[in-house]
Student: 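First, the structure itself, so that you have it in front of you.
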Amino acid sequence: MTSAGTQTSQYVITARGQKGDIRQTRARAASAVVLARTWISAGYEAVQITDPLGHVLSPERYRIRILNGGRFFR
């Protein structure tokens, strides 16, 4: 049995700030990108998004993936 569609199918956003590491989850890729870009604008470092399959991407690269219908540039 697979875990697809369970609560573990979340996008995890992590970053490093002056007071330590922070982590939040979002159910939708677009929401994860918005949060990550907000953290970058606020000065957080090492902002990353981990998708439900465990792939770690930068917010900008994830935005490109979303704009291409879920496909990376070839």
Side-chain angles (χ1 to χ4, degrees):
M1 193 173 186
T2 156
S3 62
T6 65
Q7 283 186 319
T8 59
S9 295
Q10 298 267 329
Y11 294 84
V12 180
I13 309 90
T14 58
R16 185 174 51 242
Q18 291 179 342
K19 296 182 180 183
D21 294 341
I22 57 173
R23 177 181 182 265
Q24 288 193 17
T25 60
R26 295 290 185 267
R28 305 174 97 199
S31 297
V33 171
V34 168
L35 178 60
R37 293 183 79 171
T38 300
W39 286 356
I40 290 169
S41 295
Y44 289 96
E45 297 177 355
V47 179
Q48 295 182 347
I49 299 169
T50 304
D51 72 11
L53 298 175
H55 300 117
V56 178
L57 302 169
S58 71
E60 187 58 28
R61 181 143 167 88
Y62 217 92
R63 185 184 69 80
I64 291 168
R65 180 177 179 187
I66 290 168
L67 293 175
N68 287 305
R71 295 177 302 277
F72 289 110
F73 287 120
R74 296 179 191 181

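The chain is numbered in sequence order, starting from 1.
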Student: If the condition is side chain to side chain contact (heavy atoms under 4.5 Å, CB included), which residues does Val34 pass it with, not counting sequence neighbours?
Tutor: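 Side chain to side chain contact (heavy atoms under 4.5 Å, CB included) list for Val34, sorted by chain: Thr38.
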Student: Is the shortest side-chain heavy-atom distance between Thr14 and Thr50 below 4.5 Å?
Tutor: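 In short, these two side chains do not touch, never coming nearer than 4.5 Å.
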Student: Rounded to the nearest 0.5 Å, what separates atom CG in Leu35 from atom CD1 in Ile40?
Tutor: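 Between atom CG of Leu35 and atom CD1 of Ile40 there are 10.0 Å.
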Student: Could you name each residue pair satisfying salt bridge (charged side-chain N to carboxylate O under 4.0 Å, His left out) that touches residues 9-22, not counting sequence neighbours?
Tutor: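 Only Arg16-Glu45 qualify under salt bridge (charged side-chain N to carboxylate O under 4.0 Å, His left out).
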Student: State the CD-CD1 distance between Gln48 and Ile13, to the nearest 0.5 angstrom.
Tutor: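 Output value for this atom pair is 11.5 Å.
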Student: Is it true that Tyr44 and Val12 fall in one hydrophobic cluster, defined by side-chain heavy atoms closer than 4.5 Å?
Tutor: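 Different hydrophobic clusters.
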Student: Would you please name every residue forming a side chain to side chain donor-acceptor pair (under 3.5 Å) with Gln24, sequence neighbours left out?
Tutor: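 Side chain to side chain donor-acceptor pair (under 3.5 Å) check on Gln24 returns Arg26.
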Student: Quick one: closest heavy-atom pair of Ala32 and Tyr11, and the distance?
Tutor: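 What the structure gives for the nearest pair is CB-CB, 3.8 Å.
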Student: Can you find a heavy atom in the side chain of Trp39 that is under 4.5 Å from one in the side chain of Ile22?
Tutor: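 A side-chain contact exists here, since the closest heavy-atom pair is under 4.5 Å.
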